[in-house]
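Working notes, beginning with the structure itself.
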Amino acid sequence: PAPRAATTAPSTTAAIRVRRLLFLSALAILLTSLFVLHHRTASSASSASLLHGQGLVLVDGSGGGTRDGGSSSGSSSTMHFDAPRVMMGRLEEEFVGAKRKLDSVLAAGAGSGGGGAAGAGSGGGGESGAAAQSTTAQGGGKATNNGAAVSWPERMLPSLPKRPRAAAAAAGGAAQSTSRRQQHRQQEGEPINTSALPIWQRPYDFASHYQRRQDMQDQSHLSPQHQNHYNKTMRHGIEHGQHGTATWLDLYQTGSVPQHPYDPKSNRSMNILLLYADDWRYDTLGSAGNTIVSTPALDDLSTHGIRFTHNCVTTSVCWVSRVSMFASLYLSRHNTTKPREFYINWNQTVYDLMQREGGYHVGHIGKWGVNHPYKQRPDFEVEEDGWHYDTRGGRLWHVTEKNEADALRFLESRPRDKPFFANVAFFATHAVDGDKRQYLVQNKSRDMYEDDVIPDPPNNDLTSYHALPEFFADNNEGRTRWRWRYETPDKQQHMMKNYYRMASEVDSACDLILKELYLQGELDRTLIIFTTDNGNYHAEHGLADKWYPHQESIRVPLIIRDPRMSADVVGTINEELTLNIDLTPTMLAAAGITAPDHMMGRDMAQLYLGTEKAQTPNVASERYLPHDDATRWRSEFFYEHPIISHKEYIPSSEALVRKDYKYFYWPDYKVEQLFHLAEDPGEDFDLLDTRRDGGGVGNLTDEQLGVLTDMRRRFAELKKVIQRQQKRNVIV
């Protein structure tokens, strides 16, 4: 048949098609934008509601007040949490029809897809497995297993739902991880068999966590006599509003739960619990003489253990100090100068040695601080780093609360037929880098210290800052962060109160963890250690944060409660120079594992058990450096810190530290300093500073000149030994 006549010219038809395509594209872009804006607004409104519940308020940078009565600086504008809700209402009025249609299309396409799974991740690394709840269509599809719904990763909610990457299925259909970023992601389209997943990947019923908290405060199981003792021992923590019940020690002293004693003759090694806080200096403890901060649980740990007053780190920055602790090596040996690096073989770390040689159930909870490139993992692992408030499993968490919950999950889920080693690595009291609010606290702590006045350090002034070497300019990062935190009296009060609040929150978490140990009957056969990765300037020398060799930066708390301690040691203090690199040899020796010879730390147990009860020193080992008598403890140590970014930002520094004197050396500028700590504990008067009256080598007394000569020699000697690279210890 004859072809039909065209009713429209070809060019006109093409133009219509183009216009239709453009119209549809524009409509799709508009609807997509509206959908994204809706979810972002809804997420902001939801977070706002939760943040209001936690007592959080964002403030502007022009000196506006916070709910704490403090102030902040910067250029950020005020953000009211009601604004997103108003915007949300207007959007819904105008576009509710289009949104519903788009929701229905997406739900139809995604409703049958795979769901998200809880995982162990840091800020950008995947959903945390502490709490998982079912979600509505806003989170995309859901996968069920025996009727239990599991949400999509919450971090996907502000944008259009994305289907999880497919992961290789293991035998039995369980999801397996192929990389750190993909770890704990559920295979697309597969039902979630939670019973086949490791405990930290399973959805966590956080309601049970809070019920357990209530159970621990319930005294109904105690006898009247024990209840009376329990009530009488509620102390200063309650006065500050932090502890609504007595501490772990008060519960322990009731004797209501029988404890398994540690028996050195049995085949069962003691448990080892490391409570490892962040950016927490030596005097942020009530037991260390701080009359403001409330740390009753840790104070009680000191009362029933031993507190070391001169414990220091060999490098005062998070990632270096942590690797030094994991491997008992100086920075120059493990060479981890950046957080993305980790050059130590995994089998040379405390985790693998405990797991492989000691047969321990090993857990890591909280901050790693470094990249972890190895396939081998602890038996239990949840990483949280870099945040104070974030959403995990459909719930807003504070990071310390999350660390606490994960630690309890580890203790609840551990096998009972083997000892455990756990590093509970709190992110607090570390600030949120880049956020000028710095310290965001939990609602329960917001009223603490409100009526206190935090003392201003006597050397928090411009004169003290200018007394630092001349290369400390206004763009030095320590000075920049000082401006963020301590530039005005109001700001200093606000920041320090929040810092102390976060310390008290960690203390509260430690208290609950120790109570759980007691309720499991494990307190008397567990080695408990509390310490931190580095110190923190609280405006001393006109600085903030850490890095440099001053006492505020390198001295950190250390408390040990050891089942092997004799009664005459319990409750004492020790003033020897101990180091973070001593932690791993101490823990290994307690587990009956011989520390490898290349480790540079020493077993601290010999300081409170006596040399006959501690591990026999290996004189040939490099942990005993030249001219150190292996039969006595160290009287000095070498300190080192790398340059970060560039020397104007954070210059490199080195030091030789003794109790009476400290020698500084700044390699980038070839500048020396000498401080007489016995007479100048604040390190305010550099004996070698020619800018100061009476300063300079020419003005030293004969005694001081002899000290300088000896310390220069010893500094060079230790530096040569410590900074000698050994390929057998470092991956090159």
Side-chain angles (χ1 to χ4, degrees), residues 278-281 312-325 330-332 334-343 367 369-371 385-386 427 429-436 438 459-460 462 464-487 495 499 532-556 580 638-657 662-673 675 683 686 719 722-723:
D278 199 316
D279 278 11
W280 183 317
R281 70 190 220 181
C312 298
V313 296
T314 55
T315 301
S316 181
V317 70
C318 299
W319 63 89
V320 177
S321 181
R322 288 164 187 269
V323 177
S324 291
M325 187 275 286
Y330 267 82
L331 163 66
S332 293
H334 61 68
N335 201 31
T336 305
T337 60
K338 298 179 178 64
R340 63 177 178 269
E341 301 170 345
F342 196 133
Y343 292 134
K367 177 174 177 177
V370 291
N371 177 45
D385 186 4
F427 180 66
T429 55
H430 198 296
V432 178
D433 289 338
D435 188 332
K436 292 189 178 181
Q438 296 289 276
N459 55 357
N460 176 23
L462 198 59
S464 296
Y465 184 70
H466 287 162
L468 295 170
E470 291 179 314
F471 51 81
F472 274 80
D474 281 346
N475 61 341
N476 182 281
E477 184 64 6
R479 190 61 172 174
T480 298
R481 298 192 185 193
W482 175 88
R483 286 191 289 270
W484 291 357
R485 301 176 193 173
Y486 310 124
E487 189 173 24
M495 292 292 182
Y499 178 89
T532 70
D533 60 352
N534 50 253
N536 205 260
Y537 294 104
H538 295 164
E540 294 86 1
H541 309 284
L543 296 171
D545 242 290
K546 54 233 176 190
W547 310 304
Y548 308 125
H550 298 100
Q551 296 290 81
E552 297 85 3
S553 171
I554 69 173
R555 277 181 71 186
V556 297
N580 58 331
F638 178 78
Y639 176 86
E640 60 178 351
H641 193 290
I643 189 172
I644 297 180
S645 185
H646 53 85
K647 64 182 182 180
E648 290 79 16
Y649 182 75
I650 298 175
S652 59
S653 57
E654 297 169 344
L656 178 65
V657 182
K662 188 186 295 184
Y663 172 81
F664 284 30
Y665 183 69
W666 304 89
D668 303 314
Y669 299 93
K670 296 180 173 56
V671 170
E672 295 177 297
Q673 291 184 286
F675 296 97
E683 297 164 287
D686 174 16
K719 180 176 179 177
I722 288 171
Q723 295 188 350

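Keep in mind that this is a model prediction, so the values were computed, not measured.
Contact check for Pro469 versus Tyr669: no side-chain heavy atoms found under the 4.5 Å cut-off. In this structure, the side chains of Ile554 and Lys662 come closer than 4.5 Å at one or more pairs of heavy atoms. Side-chain contact between Tyr548 and Tyr639: absent, with no pair of heavy atoms (C-beta onward) separated by less than 4.5 Å. Taking the side chain as every heavy atom from C-beta outward, Leu331 and Thr314 never approach each other to under 4.5 Å. In this structure, Ile650 and Val317 have side chains that are not in contact, with every pair of non-hydrogen atoms separated by 4.5 Å or more. Counting heavy atoms from C-beta outward, Tyr665 and Lys670 have side chains that approach closer than 4.5 Å. Using a 4.5 Å heavy-atom cutoff, the side chains of Cys318 and Asp279 are in contact.
Between the CE atom in Met495 and the NZ atom in Lys436 there is a gap of 10.0 Å [rounded to 0.5 Å].
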Practice prompt. For Trp482 and Glu487, run side chain to side chain contact (heavy atoms under 4.5 Å, CB included): C-alpha distance rounded to whole Å, both residues' side-chain angles, the deciding distance at 0.1 Å, then the answer.
Written response: CA-CA 6 Å; Trp482 175 88; Glu487 189 173 24; 3.9 Å; yes

Worksheet item: Between Gln723 and Glu640, is a side-chain hydrogen bond (donor to acceptor under 3.5 Å, both in side chains) present by the stated rule, with each step listed?
Response: CA-CA 10 Å; Gln723 295 188 350; Glu640 60 178 351; 3.2 Å; yes

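With no hydrogens or angles considered, a side-chain donor-acceptor pair links Ser652 and Asp668 at under 3.5 Å. No side-chain N or O of Tyr465 forms a donor-acceptor pair with one of Asn476 less than 3.5 Å apart. Judged purely by distance below 3.5 Å, without hydrogens or angles, the side chains of Ser316 and His641 never pair a donor atom with an acceptor atom. There is no side-chain donor-acceptor pair under 3.5 Å between Ser321 and Asn534.
Listed by first and then second residue, the salt bridge (charged side-chain N to carboxylate O under 4.0 Å, His left out) pairs involving residues 471-481 are Asp433-Arg481, Glu477-Arg481, Arg481-Asp545 (not counting sequence neighbours).
Between Asp278 and Lys546, no side-chain nitrogen of the basic residue sits less than 4.0 Å from a carboxylate oxygen of the acidic one, so the salt-bridge criterion is not met.
Less than 6.0 angstrom separates the ring centroid of Phe675 from the ring centroid of Phe664. The ring of Trp547 has its center no closer than 6.0 angstrom to the ring center of Tyr649.
When each of Glu672, Glu654, Gln673 is checked for a side-chain hydrogen bond (donor to acceptor under 3.5 Å, both in side chains) with Trp666, only Gln673 meets the rule.
Taking both residues in full, the closest heavy atoms of Asp533 and Val313 are given as O-CG1, 3.2 Å, listed atom of the first, atom of the second, then distance.
Under the side chain to side chain contact (heavy atoms under 4.5 Å, CB included) criterion, Ala431 pairs with Gln438, Tyr439, Arg485, sequence neighbours left out.
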Atom pairs and distances, side-chain donor-acceptor, residues 535-542, under 3.5 Å, sequence neighbours left out:
residue : atom : partner : partner atom : Å
Tyr537  : OH   : His550  : ND1          : 2.7
Glu540  : OE1  : Arg281  : NH1          : 3.1
Glu540  : OE1  : His538  : N            : 2.6
Glu540  : OE2  : Arg281  : NH1          : 3.0
Glu540  : OE2  : Arg281  : NH2          : 2.9
His541  : NE2  : Gly682  : O            : 3.3

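No donor-acceptor pair closer than 3.5 Å links the side chain of Ser653 to the backbone N or O of Pro549. Glu683 contributes a side-chain N or O that, together with a main-chain N or O of Gln551, makes up a donor-acceptor pair within less than 3.5 Å.
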